[in-house]
Amino acid sequence: MKIVDVHVRVFAHTTYRHQDTAGHAHPGPAHKVNLALLTIVDDEGGEGYCFAAPEVVRPHVIEKFVKKVLIGADPFARERLWQELAHWQRGSAAQLTDRTLAIIDCALWDLAGRKLNMPVHKLIGTYREKMLAYGSIMCGDELENGLATPEDYGRFAEKLVARGYKGIKLHTWMPPVSWAPDVGMDLKACAAVREAVGPDIHLMIDAFHWYTRTDALKLGRGLEALGFDWIEEPMDEQSSMSYAWLSENLDIPVLGPESAGGKHFSRAEWIATKACDILRTGVHDVGGISPAMKCMHLAESFGMNCEIHGNGAPNLIIAACSKNANWYERGLLHPFLEYDDGFEYLNGLVDPMDADGYVHISDKPGLGEDINFDFIDANLVA
Ligand SMILES: O=C(O)[C@H](O)[C@@H](O)[C@@H](O)C(=O)NO
Ligand SMILES: [Mg+2]
């Protein structure tokens, strides 16, 4: 069996999510955005799919790097193909990124699952069939009755608990919000949420990502008094030594890295330098399902949990196949948005959550996405 084609369809779909200048999402008017669906085809007609940002699978990357490695190769040789693509990164002038590796790796896992009529989590080795989710709240904003005040966060947290969430993570205010960042306001929002939900709901924070060590320390100390489970990305993750200093000086667990590059290699360094108490990985952050599982196993070897960044079918698979994660990150959520409405290009949610806060993992073949191909083909833009 061998790969005979890799192609990309770009289509438009409607979303109410808008990105700010830091790349964080906020609600806004309905508008059309483009999304890509990458397809890997083998010589038996088997296909594997993965959704991607169009620029991540743009023609230059597919033609100059991806096809050079994949065409003619065995689609089940995922580890060899990942290693070859990873080696091509060094000479790619930063054109071949971990994000592209992730899409290819996920599509290869999807192809394997669809061919074998098995969900990917069963190919890897299932640990659980359902997973507790925390509600991951969007970054704060200046929208009336949105997430503009600590009281807004408190009211929204009450609604999330009523929906069934047993954990809530706050992304607090960051620029371009006019007065952000502000440690005092972060702590007021966290206190308002703790007051609103009581002592039994797990709370975490994902704060402004460029605080100084002293500001991050002040924030962490305040969270300790509120009984938060972890502090996430309060400083630039390019300085792992700053995190080693923070971890040394705080009792609340420090979680990371999320946005730092380096795949599972940098995460080994963060553990070795005691820069975190809880590791972090994410399929799109480290180059795919394959390296994300390596991060889970790395953390397990040090008696550590590794919490998974982001929602979506691939990240849910990591959670399904790992004992050392406590949560699925379900979001991003906002009072003005209905997360359960899903997307036009899928025939159903990949992460349906029951009233007890558990997300149930799909047993559909492959990644488990029920793709609406008719919608995609009726809305092609390229
Ligand atoms: O762009 C980001 O920082 C992430 O998407 C963020 O909004 C959120 O997904 C996160 O950090 N979760 O932990
Ligand atoms: Mg984060």
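One is the number of the first residue; the rest follow in order along the sequence. As the structure lists them, so they are numbered: ligands from 1, and atoms in each ligand from 1.
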Undergrad: Going by the closest heavy atom to atom 5 (O) of ligand 1, which one wins out of His24, His284, His309?
TA: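 Looking at heavy atoms only, His309 sits closest to atom 5 (O) of ligand 1.
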Undergrad: Looking only at N, O or S atoms, find the one in Asp206 nearest to the Mg ion (ligand 2) and name it.
TA: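 The Mg ion (ligand 2) is closest to the Asp206 atom OD2, counting only N, O or S.
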Undergrad: Compare Glu233, His171, Met138, Gln19 and give the one whose heavy atom is closest to atom 8 (C) of ligand 1.
TA: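 Nearest option to atom 8 (C) of ligand 1, by heavy atoms: His171.
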Undergrad: Phe208 vs Trp210 aromatic rings, parallel, tilted or perpendicular, using cut-offs 30° and 60°?
TA: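 Rings of Phe208 and Trp210: perpendicular, over 60°.
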Undergrad: Within ligand 1, which atoms have a heavy atom of Leu332 less than 4.0 Å away?
TA: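 Going through ligand 1 atom by atom, the ones under 4.0 Å from Leu332 are 7 (O).
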Undergrad: Looking only at protein heavy atoms, identify the closest one to atom 13 (O) of ligand 1 and say how far it is in Å.
TA: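 Looking at atom 13 (O) of ligand 1, the protein heavy atom closest to it is Lys169 NZ, 2.6 Å.
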Undergrad: Taking only heavy atoms of Glu329 into account, list the atoms of ligand 1 that are under 4.0 Å away from them.
TA: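 In order of number, 10 (C), 12 (N), 13 (O).
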Undergrad: A cation-pi test, strictly: NZ or CZ of Lys130 under 6.0 Å from the centre of the six-membered ring of Tyr358 and no more than 45 degrees from its axis. Yes or no?
TA: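 Flagged: Lys130 positioned over aromatic ring of Tyr358.
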Undergrad: Determine whether Asp152 and Arg155 satisfy the following criterion, salt bridge (Lys or Arg N to Asp or Glu O under 4.0 Å), listing intermediate values before the conclusion.
TA: CA-CA 5 Å; Asp152 285 343; Arg155 279 190 292 274; 2.5 Å; yes
Undergrad: On the 0 to 90° scale, with breaks at 30° and 60°, tag the Trp88-Phe65 ring pair as parallel, tilted or perpendicular.
TA: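 Trp88 and Phe65: perpendicular rings.
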Undergrad: Fit a plane to each ring of His24 and His171, take the angle between them on a 0 to 90° scale, and name the class: parallel (under 30°), tilted (30 to 60°) or perpendicular (over 60°).
TA: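 Tilted, since the angle between the ring planes falls between 30° and 60°.
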Undergrad: Quick one: report the N, O or S atom of Glu232 that is nearest to the Mg ion (ligand 2).
TA: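 Looking at Glu232, the N, O or S atom with the least distance to the Mg ion (ligand 2) is OE2.
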Undergrad: Hey, is there an N, O or S on Glu233 sitting under 2.8 Å from the Mg ion (ligand 2)?
TA: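 It does not: Glu233 brings no N, O or S atom closer than 2.8 Å to the Mg ion (ligand 2).
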Undergrad: Mark up the atoms of ligand 1 that fall under 4.0 Å of a heavy atom belonging to Asp206, in ascending order.
TA: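 The atoms of ligand 1 under 4.0 Å from a heavy atom of Asp206 are 10 (C), 11 (O), 12 (N), 13 (O).
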Undergrad: Is NZ or CZ of Lys294 both nearer than 6.0 Å to the six-membered ring centre of Trp82 and within 45° of the ring axis?
TA: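 Cation-pi check for Lys294 and Trp82: passes.
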Undergrad: I need the atoms of ligand 1 closer than 4.0 Å to a non-hydrogen atom of Arg280, numbered in the order shown.
TA: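 Listed by number with element, the hits are 12 (N), 13 (O).
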Undergrad: With side chains defined as the heavy atoms from C-beta onward, is the minimum distance between Leu250 and Leu223 less than 4.5 Å?
TA: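 Leu250 does not reach Leu223 side chain to side chain.
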Undergrad: Can you name the atoms of ligand 1, numbered from 1 with element, that are less than 4.0 Å from a heavy atom of Glu232?
TA: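 Within the 4.0 Å cut-off of Glu232, ligand 1 contributes 13 (O).
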Undergrad: Linking I/L/V/M/F/W/Y whenever their side-chain heavy atoms sit closer than 4.5 Å, directly or via other members, would Val283 and Leu349 fall into one cluster?
TA: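 Hydrophobic grouping puts Val283 apart from Leu349.
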Undergrad: Of all N, O or S atoms in Glu258, identify the one at the shortest distance from the Mg ion (ligand 2).
TA: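 The Glu258 atom nearest to the Mg ion (ligand 2), restricting to N, O or S, is OE1.
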